[in-house]
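Below is one structure, written out as structure tokens; the observations come after it.
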Amino acid sequence: MNTTELGLIARVAHVSKRYGEGSGAVAALDDVSIGIRRGEFTAIMGPSGSGKSTLMHVMAGLDNATGGQVWLGDTEITELGDSALTVLRRRRVGFVFQSFNLVPTLDVRGNIMLPFELDGRRPSAKEQEWVDHLIASLGLLNRLTHRPHELSGGQQQRVAIARALGTRPDLVFADEPTGALDSRTGREVLALLATASREYAQSIAMVTHDPIAASHADRILFLADGRVVDDRPRSSAEEISRIMLSMESAL
Amino acid sequence: MAGPLSAHNFSAQARDHASTLTVAALSSAFGVVLLQATGIIATSVESDVVGESDSVRLALSIVTTVFTVIAFYVGAIVTANTFSTIIAGRVRQIALLRLIGAQARTVRRAVATEGLLVGALGAVLGLAVGMGITVATVALGIRSGWLPALEYTLLDPIVAVPVVVVALVTWAAAWVGSRRVVTVSPMEAVGAAAETRNVGGRRTARTVFSLLLVLGGLALLALGVIVGLSFVGGLLIAFCGGLASFTGIILGAHLVMPPVLRLVGRLFGSAPTARLAAENAVRFPERSSRATIGLVIGVTLVVMFAVTMESYRAMVLESFADRPELAAAIDQSVTLTTSIFLGLVGFSAVIAAVGMVNNLSLSVLQRTRELGLLRALGFTGRQVRGMILAESAQMSIAAVGLGLVLGVFYGWAGAQSLLGSINHELMAPALPWPLIAATLAGGAVLALVASIAPARRATTVSPVLALSVD
Ligand SMILES: Nc1ncnc2c1ncn2[C@@H]1O[C@H](COP(=O)(O)OP(=O)(O)O)[C@@H](O)[C@H]1O
Ligand SMILES: [Mg+2]
């Protein structure tokens, strides 16, 4: 069965990632096999250093796994070369990082339209309508000509979300998207991601170590020491905290 | 400086200061060679024509001093700019030092001391190179017979002068270039603000002053040209006007260069690589102005000189059209003088080019994260390379283009005010096409060369870097 028939948008099988050689080697990922379900908001949780970011990099084609296979949709990306991966990221993946998401020399509109421009094309009328809708619903209408340094952290994340959703990618990856924000602004950004997933059936994989952030997700994967140790449906922040604490004490 | 104020590792330090070291070494070698050459030529003339040595020595000294000062000045601009680029890359580190209680002045002084040390090292290196060149040239000259076999004083203590001056100038330039240290807020160490912009205070006084210099200088230049139609003395007036207006342009580089860079940037079209490159080139207007103004100065001087000499040559050849042997002899000597002077002025352009190459390298190094972000978002390696080449080309074209225009203008004004009284009419500038072609080719080569190292580095940036938080 391929990824799509499984109802998945991305999948890794027996993926491992090792840094360094010999006795100093670190296994950031150790035989991980998971699937990200289409249209769902998935949180990837785990203590610091558990391999969350590494997993995301490997799934997004930003980094090569040491072993195992990776699919985005039905495309196996494990064997793709750099330029094929680049084009794949441009067209089928969206990113929201913790900070430094935006190109400082471009204004808000330029940043949002960048994925289209990189592709050397103008958005179709329908795509433009979608982008305009995103801009309006993310409250960026009167910020379009501002540069990133003129925006607050929360506004910068909104621009990053608009850019990530603009091309309607198969999957949006968010790595600690609220990590650099105060808690109120963080809540707002999480609500926006959850809404995007629910209303537009956008598949989102979000890396976080914040139980409250994870409680917005439809599903929560727990990582520890480079392995998947738990896989839960939507849970409350309290339950997630409890699981995290039990993981910490098990160490 | 291995103190806590430069918690930098050694290779980063070496990279930061490669440009300053090179510029100091080139400047000092140039000064040493010119001084030695003055002494050698004066000594050899002395043996030829007794009694004329002193005036030859004086004339030569004036000429070499002028060229040395120009080279040092361009070097100082380059170094000041290098230091402001270095500071931009150390903002977080400086902010951290400020946070834990370091005085801004202390930090700045430490940075300037780095400049002094690197400048001194470079100057001594330059002394060694300069001495090597003169000793080898004298030996070669005596052996092949074009230099009389005399005792030349090659160890004249006066060669210490350019060495000391270069070290001090580098120190001063490092101090000027590290102005930004004072404005670094300790908050920049804690804030998540990845990019803060240094807008800089308004330099109203400087702007007004440079504007006055340009306008006043142009008025004098026009007067010189008009007076020159009737009297030879017009050249003196025009010279003062040219000096004033050009100084005004250099002082007002922050007003002149950004629009020129923007204009050139527009030539590159609207593809995202070109647009980003265009924006990058004017991202820190102050920095890109200083990165390019050195080259503008060099190219202007070279072209101006060549245009004036070409006009002079054309006029002489015309006057002696009926005496071909005499015309040929004069032509030869004019061409020789022109080439020597062009070589001397051209050296400043070389120093400026070194500065531009290093500036681009450093600024690309400092953009590692941004380049990683672009790669993550789907910039291919080729697009990144294209962007950096476009940036480099934009700077070269802007500097060489403006230098050509200014050089032709000043060269024409010089020739007109010098020679206008002969025919009492305005003449078109005589254009030295081979030199113009060579300048353009040099600009193209510079654009390419400047982009090689940074482009290679930029394409090896892993997109993962953009995601990892320090
Ligand atoms: N470039 C790297 N070189 C060496 N080790 C790394 C590198 N990146 C990550 N690691 C190691 O891999 C492990 C997982 O890191 P990461 O995926 O960043 O964890 P998380 O995002 O969960 O905090 C950690 O032990 C980390 O030290
Ligand atoms: Mg992480």
Side-chain angles (χ1 to χ4, degrees), chain A residues 53-54 56-58 60-64 81-107 110-111 113-120 147-153 156-157 160 163-164 167 169 173-176 179-182 207, chain B residues 88 92 188 190-199 261-262 265 269-285 288 363 366-387 391 459-470:
Chain A
S53 296
T54 307
M56 179 188 131
H57 298 160
V58 167
L62 286 168
D63 208 352
N64 295 318
D82 181 64
S83 50
L85 279 176
T86 305
V87 172
L88 179 113
R89 284 199 300 271
R90 188 193 285 171
R91 297 190 179 151
R92 294 176 53 191
V93 177
F95 288 104
V96 181
F97 307 131
Q98 177 172 351
S99 60
F100 207 86
N101 259 301
L102 307 178
V103 179
T105 44
L106 294 178
D107 62 9
N111 269 287
M113 301 312 285
L114 189 58
F116 292 103
E117 300 216 345
L118 285 180
D119 225 14
R147 296 284 173 102
H149 68 105
E150 297 166 323
L151 302 178
S152 70
Q156 292 186 20
Q157 291 307 73
R163 180 193 60 207
T167 52
F173 288 101
D175 191 353
E176 311 262 8
L181 303 177
D182 64 77
V207 164
Chain B
R92 283 191 148 233
E188 289 175 66
V190 274
E195 168 114 342
T196 44
R197 268 190 192 223
N198 174 23
V199 183
L261 284 163
R262 277 207 189 86
S270 63
T273 44
R275 271 200 12 231
L276 281 176
E279 281 301 321
N280 281 332
V282 287
R283 180 180 210 161
F284 301 105
S288 30
S363 80
Q366 291 173 359
R367 269 189 273 149
T368 304
R369 263 194 114 160
E370 184 183 331
L371 292 168
L373 173 69
L374 289 173
R375 295 283 283 123
L377 294 180
F379 247 70
T380 60
R382 262 181 66 155
Q383 283 174 312
V384 170
R385 269 198 302 277
M387 180 178 83
E391 231 174 293
T459 38
T460 60
V461 167
S462 141
V464 172
L465 271 175
L467 297 95
S468 58
V469 179
D470 291 307

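To find a chain, count down the sequence lines: A is the first, B the second, and so on, and within it residues start at 1. Please read all numbers here as calculations on a predicted model, not as lab measurements.
- Checked against side-chain contact (heavy atoms from CB on, under 4.5 Å), B:T273 has the following partners two or more places apart in sequence or in another chain: B:A271, B:F379, B:Q383, B:M387.
- In this structure, chain A has no heavy atom under 4.5 Å from any part of B:R367.
- In terms of non-hydrogen atom pairs under 4.5 Å with chain B, the most contact-rich of A:T54, A:D119, A:L114, A:N101 is A:N101.
- Side-chain contact between B:R283 and A:P104 is present, with heavy atoms from C-beta onward closer than 4.5 Å.
- Using a 4.5 Å heavy-atom cutoff, the side chains of A:L62 and A:F173 are not in contact.
- For the side-chain contact (heavy atoms from CB on, under 4.5 Å) test, residues two or more places apart in sequence or in another chain that qualify with A:P148 are A:L102, A:N111.
- A:H57 has its side chain out of reach of A:V207: every pair of non-hydrogen atoms, C-beta onward, lies at least 4.5 Å apart.
- Listed by chain and number, the residues in a salt bridge (charged side-chain N to carboxylate O under 4.0 Å, His left out) with A:R163 amount to none (sequence neighbours excluded).
- Side-chain contact between B:E391 and B:S288 is absent, with no heavy atoms from C-beta onward closer than 4.5 Å.
- Proximity to chain B is limited to the side chain of A:L106, based on heavy atoms less than 4.5 angstrom apart.
- Taking non-hydrogen atoms and a 4.5 Å limit, the residue list of residues 84-94 of chain A in contact with chain B, ordered by number, reads A:T86, A:R89, A:R90.
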